[in-house]
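The structure appears below as structure tokens.
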2 protein chains.
Amino acid sequence: MYTIKDVAKLAQVSPSTVSRVISDSKQISDETKKRVKKVMEEIGYHPNMIARSLITKSSQTLGLVLSRSTETAFSSPFFSEVIRGISKVVQNHQYSLLLATAENYKEEGKQCMKMIMEKRVDGVILLASRVNDDLIEKLLLDDYPFVVVGRAPAGARIYSVNNDNIKAGYNVARHLLNLGHRQIAFLNGSNEYIFCHDRYEGFAMAFREFGLEIDQTYVIETDLQQENAYFYTKQLLELDRPPTAIFAIDDMMALGVYRAIKEKNLEIPDDVAVVGFNNDHFTSLISPPLTTIQIPIYEMGINAAEMMMDLLKGKEVIPQQRILSSKLIIRNSCGGKPRKI
Amino acid sequence: MYTIKDVAKLAQVSPSTVSRVISDSKQISDETKKRVKKVMEEIGYHPNMIARSLITKSSQTLGLVLSRSTETAFSSPFFSEVIRGISKVVQNHQYSLLLATAENYKEEGKQCMKMIMEKRVDGVILLASRVNDDLIEKLLLDDYPFVVVGRAPAGARIYSVNNDNIKAGYNVARHLLNLGHRQIAFLNGSNEYIFCHDRYEGFAMAFREFGLEIDQTYVIETDLQQENAYFYTKQLLELDRPPTAIFAIDDMMALGVYRAIKEKNLEIPDDVAVVGFNNDHFTSLISPPLTTIQIPIYEMGINAAEMMMDLLKGKEVIPQQRILSSKLIIRNSCGGKPRKI
DNA sequence: CCATGTCAATCAAACGTTTGCGTAAAAATA
DNA sequence: TATTTTTACGCAAACGTTTGATTGACATGG
């Protein structure tokens, strides 16, 4: 493989000159530039990024940390979408994307720190969702550039982009309450994840606004597995006063809910209304089409990556915490008309 | 940030000794090792991978090239799953994963070559699906280690892992033919992708076996967009002799097919049978549950990554071309009993 | 003619590792 | 004790770049 020295020799200049041609320095004459570039072209020279990184102390690479296990992470379209957004920006800036993957949360934190300590990346984007993410604290301690996708503790050097989970939870609850529902189940995810908290908080807000109490027998906390949604929905439907509506923390869970309801030969929305979250691609295609929340995942990725790039370029990043709005997509899983109470 | 020299100074040894401690060389006494390690621990030293790469000429990183545009790539669960498998192995080998992303195919090839020429990666895994992938030829020319996920041209230095698309296509067709269907539509993807070819080939094989001709009015080639599936299904159903069964090239397409059928107030499977491909998570949850093909995507990722690692380690890789078997998952979208002809 | 300035290119050090070779001291052997 | 072998470590070069300092050529102005 050719090095800068080979180019130099062939073009009859010094390596430094070649380097300056690459960086398009203006202290090189156009004539020389042309000659050097021609040589590079001819032999197919590409600068060795490793060597360059060593001296510039920049790897031109961003780390991407999925702080859920890879397994569950990728099963959700969320991650795909957000990666897509991030890729787009990263690519525009001629950066690369390094994935930190691991089996579990602890391991992932380690991988992330390793990437950083080993100087493989210039900054990291955290797809964080945990309540007490000690990774964030470590990064702060090291004064290392990072931005988190998801809700992060507010703080001076914390940059984050998130969707309005509280508002969204509120909107869902209000929608159902307006339709006359009072026995509304909330099929929550694990309380390890902030977004679950937030959606519940919004949910509760709406109840307060309506002057109503939440019946805790309808609030179920489980993990984000379809199977669990199925299982608990069946349980809910066995109650003496079964819920008339079920809010699932995400669309996958809603699928489980659908299955349980249909298995009981009940009708959606007539017997039970269902709302999901995420507007996954399949939601419009199941029957009945699912009422759900659409969040701008791709845009969140874009924003996160752009914040990161600005940070690295030393630009001022404003605002530090960005919240993108979601949208309630009303389909047929809740019925059209308000039911009477 | 600490360097090997700092450690050396603190441990009162030379940098070379520290380096040898890191690589656990046996020419260093246990006593010295202990002392040096203690120092590293204390100051939180991590070797700079960039510097190491420069001299060892190995970046301990694998490149991952999605040779579809990032956009469509990530919208399919296929990529998520295969990445999951790859990650798993890569992680076990203490390697990292670098993503090559781009807006389009051309750009992606460039990105890939760039990764390589710039020495960022030791090898690449190609999520290739194109018919004439010139990227493969370039890689061969450079004698660069790569393995492709998907069908690759057979060749001496070509390593690949794929699922048995031909067999799977055959199985689907046979299933439908056995059920008595004769007007079977094939909703194919773009002919740029090999897997589309292969599935069709298997499909055709079954027809030949049954001594039947394929009616080409039922064979439609489009791209892998749900919307197109919807559109063309509607067209198919308008025909004088509409198909009694539709084989969609993947599950997403099948969703579009479902929508079109339902919109026409036809029943699945009574009026039209449907088969998908991939066994996406939602297929068991739509109504009726979709008959589809399950492919071992995760395992394909595992295999691809393991082949790559073996290649890099100089191990013999056998077999060079691996084909993992798929499975026909029979649900309710084709009806139970053979229909009379 | 000398001093000064500009331009275009080179020199050489540096980045943080690894590793072949050299060498004292210790251990083994004669 | 003298010689050889082994052990444990250090020296210095190398990897392929970047970049501040330097140089030499040439032009400009006084």
Side-chain angles (χ1 to χ4, degrees), chain A residues 1-40 43-61 94 96 114-122, chain B residues 1-40 43-61 94 96 114-122:
Chain A
M1 192 47 41
Y2 295 104
T3 73
I4 208 169
K5 287 180 192 165
D6 299 318
V7 178
K9 210 164 286 175
L10 289 170
Q12 317 221 51
V13 292
S14 74
S16 357
T17 302
V18 178
S19 172
R20 285 187 236 268
V21 168
I22 295 169
S23 58
D24 202 28
S25 155
K26 52 182 166 279
Q27 47 177 317
I28 303 292
S29 69
D30 287 350
E31 193 198 1
T32 315
K33 275 185 189 173
K34 209 172 289 172
R35 198 171 73 244
V36 172
K37 277 180 184 163
K38 192 167 152 235
V39 172
M40 297 197 296
I43 65 177
Y45 167 79
H46 276 254
N48 181 323
M49 282 311 279
I50 301 290
R52 167 181 289 189
S53 293
L54 185 57
I55 188 146
T56 61
K57 289 168 181 338
S58 154
S59 58
Q60 300 273 101
T61 302
Q94 311 263 50
S96 303
K114 212 176 135 209
M115 281 198 325
I116 293 172
M117 308 294 302
E118 293 180 348
K119 302 270 173 286
R120 285 184 198 268
V121 295
D122 293 350
Chain B
M1 194 48 42
Y2 294 104
T3 74
I4 209 171
K5 288 179 193 166
D6 299 317
V7 178
K9 209 164 286 176
L10 287 170
Q12 317 221 49
V13 292
S14 75
S16 358
T17 301
V18 177
S19 173
R20 286 187 239 265
V21 169
I22 294 169
S23 58
D24 203 26
S25 156
K26 51 182 168 276
Q27 50 176 316
I28 302 293
S29 69
D30 288 350
E31 194 197 3
T32 317
K33 276 184 187 171
K34 208 172 290 173
R35 198 169 73 245
V36 171
K37 278 180 184 163
K38 193 167 152 233
V39 172
M40 297 198 296
I43 65 176
Y45 167 79
H46 276 254
N48 181 324
M49 283 310 281
I50 301 290
R52 165 181 293 188
S53 294
L54 184 57
I55 189 145
T56 61
K57 291 169 180 336
S58 153
S59 59
Q60 301 273 103
T61 303
Q94 311 262 51
S96 303
K114 213 177 132 205
M115 281 200 322
I116 292 171
M117 308 295 302
E118 293 180 349
K119 300 273 173 286
R120 285 183 198 268
V121 295
D122 294 349

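Here is the naming used below: chain letters follow the sequence lines, and residue numbers restart at 1 for every chain. Not measured: the values here are computed from a predicted model.
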Scan the side chains in residues 43-50 of chain B for donor-acceptor partners under 3.5 Å anywhere in the protein, sequence neighbours excluded, and list what turns up.
{"residue": "B/Asn48", "atom": "OD1", "partner": "B/Ile50", "partner atom": "N", "Å": "2.7"}
{"residue": "B/Asn48", "atom": "OD1", "partner": "B/Ala51", "partner atom": "N", "Å": "3.1"}

B/Asp24: what forms a salt bridge (Lys or Arg N to Asp or Glu O under 4.0 Å) with it, not counting sequence neighbours?
B/Lys33
I'd like to check the salt bridge (Lys or Arg N to Asp or Glu O under 4.0 Å) partners of B/Lys119; sequence neighbours left out, ordered by chain and number.
none
When you match B/Glu31 and A/Tyr2 each to their closest nucleotide on DNA chain D, which lands nearer the 5' end?
B/Glu31
Could you pick out which residue, B/Ala51 or B/Ser14, lies toward the 5' side of DNA chain D when each is mapped onto its nearest nucleotide?
B/Ser14
Among all residues two or more places apart in sequence or in another chain, which pass the side chain to side chain donor-acceptor pair (under 3.5 Å) test with A/Thr61?
B/Arg120
Applying side chain to side chain donor-acceptor pair (under 3.5 Å) as the test, list every pair that has at least one member in residues 8-17 of chain A; sequence neighbours left out.
A/Ser14-A/Ser16, A/Ser14-A/Thr17
side-chain contact (heavy atoms from CB on, under 4.5 Å) with A/Val13: of A/Thr32, A/Val39, A/Val7, only one passes, and it is A/Thr32
Sugar-phosphate, base or nothing in reach of A/Lys119, heavy atoms under 4.0 Å
nothing
I want to check something: taking the side chain as every heavy atom from C-beta on, are A/Ile28 and A/Val36 in contact at a cut-off of under 4.5 Å?
no
To the nearest 10 degrees, what angle separates the axes at the start and end of the helix from C/dC1-D/dG30 to C/dA30-D/dT1, five pairs each?
50°
Considering residues at least two apart in sequence or located in another chain, which fulfil the side chain to side chain contact (heavy atoms under 4.5 Å, CB included) criterion with A/Gln94?
B/Lys114
Taking the nucleotide of DNA chain C with the closest heavy atom to each, which residue, B/Ile4 or A/Ile55, is nearer the 5' end?
A/Ile55
Pairing residues for B/Arg52 by the salt bridge (Lys or Arg N to Asp or Glu O under 4.0 Å) criterion, not counting sequence neighbours
none
Atom CZ of B/Arg35 and atom P of D/dA8 are separated, to the nearest Å, by 13 Å
Looking at every strand, decide which applies to A/Ser29 at a 4.0 Å heavy-atom threshold: base, sugar-phosphate, or nothing.
sugar-phosphate
Contact class for A/Thr3 (heavy atom, under 4.0 Å): base, sugar-phosphate, or nothing?
sugar-phosphate
Non-neighbouring partners of A/Glu31 that pass side chain to side chain contact (heavy atoms under 4.5 Å, CB included), sequence neighbours left out:
A/Ser29
Rounded to the nearest Å, what distance is computed from the CD atom of residue B/Gln12 to the C1' atom of nucleotide D/dA8?
16 Å
Which ones in residues 19-28 of chain B lie close to DNA chain C, meaning a heavy atom under 4.0 Å from one of its atoms?
B/Ser19, B/Arg20
So, using side chain to side chain donor-acceptor pair (under 3.5 Å) as the criterion, who are the partners of A/Ser96 when residues are at least two apart?
none
Quick one: how far along DNA chain C does chain B reach, first to last nucleotide 5' to 3', anything under 4.0 Å to a heavy atom?
C/dG16 to C/dG20
